[in-house]
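Below you'll find the structure, written out as structure tokens, and then a few comments.
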Amino acid sequence: VGNEAFYKCSGLEEVTMSKNLETLEGMSFGSCTSLKGITIPVSLQNMEEVEWQYAMRGPFHECSSLEEAVLEEGMETIYSRLFQITFSRF
């Protein structure tokens, strides 16, 4: 999923990613303020951060309504900025 592909999609509430998704780039879902749930497949192998306003940001940056993140069984790596500045209820 490319950088800012769904950036600020305020109507997006839930995302289930493709079973063969390998890469999330930059702020793919950044500032999707209605996003409540995501499912991330075990196939995710790469997460690319982006520099934005002098700081590194990940795919779910500022998804302030996110309540549930399902990581498929077998996932070996969770990237450090995957949920940076995201969770308000965890």
Side-chain contact test, heavy atoms from C-beta onward, threshold under 4.5 Å: evaluate it for T39 versus V15 and give yes or no. no

If you round to the nearest 0.5 Å, how far is CD of E14 from NZ of K36? 10.0 Å

Gap separating the CG atom of L35 from the OG atom of S65, nearest 0.5 angstrom: 8.0 Å

Does any part of the side chain of T33, heavy atoms only, come nearer than 4.5 Å to the side chain of E62, both counted from C-beta? no

Considering residues at least two apart in sequence or located in another chain, which fulfil the salt bridge (Lys or Arg N to Asp or Glu O under 4.0 Å) criterion with E22? none

Is there any salt bridge (Lys or Arg N to Asp or Glu O under 4.0 Å) pair reaching into residues 69-79, and which pairs are they, with sequence neighbours excluded? K19-E72

Decide yes or no for M47 and P59: does some side-chain heavy atom of the first lie under 4.5 Å from some side-chain heavy atom of the second? yes

Please report the C-alpha distance between V70 and I40 in whole Å, then the side-chain angles of each, then the deciding distance to 0.1 Å, and finally whether the side-chain contact (heavy atoms from CB on, under 4.5 Å) criterion is met. CA-CA 6 Å; V70 177; I40 300 175; over 6 Å; no

Dump the intermediate steps for side-chain contact (heavy atoms from CB on, under 4.5 Å) on L44 and M75, then the final yes or no. CA-CA 8 Å; L44 183 66; M75 183 171 268; 4.1 Å; yes

Does the side-chain contact (heavy atoms from CB on, under 4.5 Å) test come out yes or no for N3 and M27, once each step is laid out? CA-CA 5 Å; N3 182 32; M27 293 188 297; 4.2 Å; yes

side-chain contact (heavy atoms from CB on, under 4.5 Å) with T23: which residues, sequence neighbours excluded? E25, N46, E48

From the list F29, Y7, F6, ring pair (Phe, Tyr, Trp, His ring centres under 6.0 Å) with F60 holds only for F29

Return the minimal non-hydrogen interatomic distance between C63 and S31, and the atom names on each side. SG-N, 4.3 Å

Main-chain N/O of S10 paired with S34 side-chain donor or acceptor, under 3.5 Å: yes

Set of side-chain contact (heavy atoms from CB on, under 4.5 Å) partners for S43, sequence neighbours left out: L21, P41

If the condition is side chain to side chain donor-acceptor pair (under 3.5 Å), which residues does S18 pass it with, not counting sequence neighbours? N20

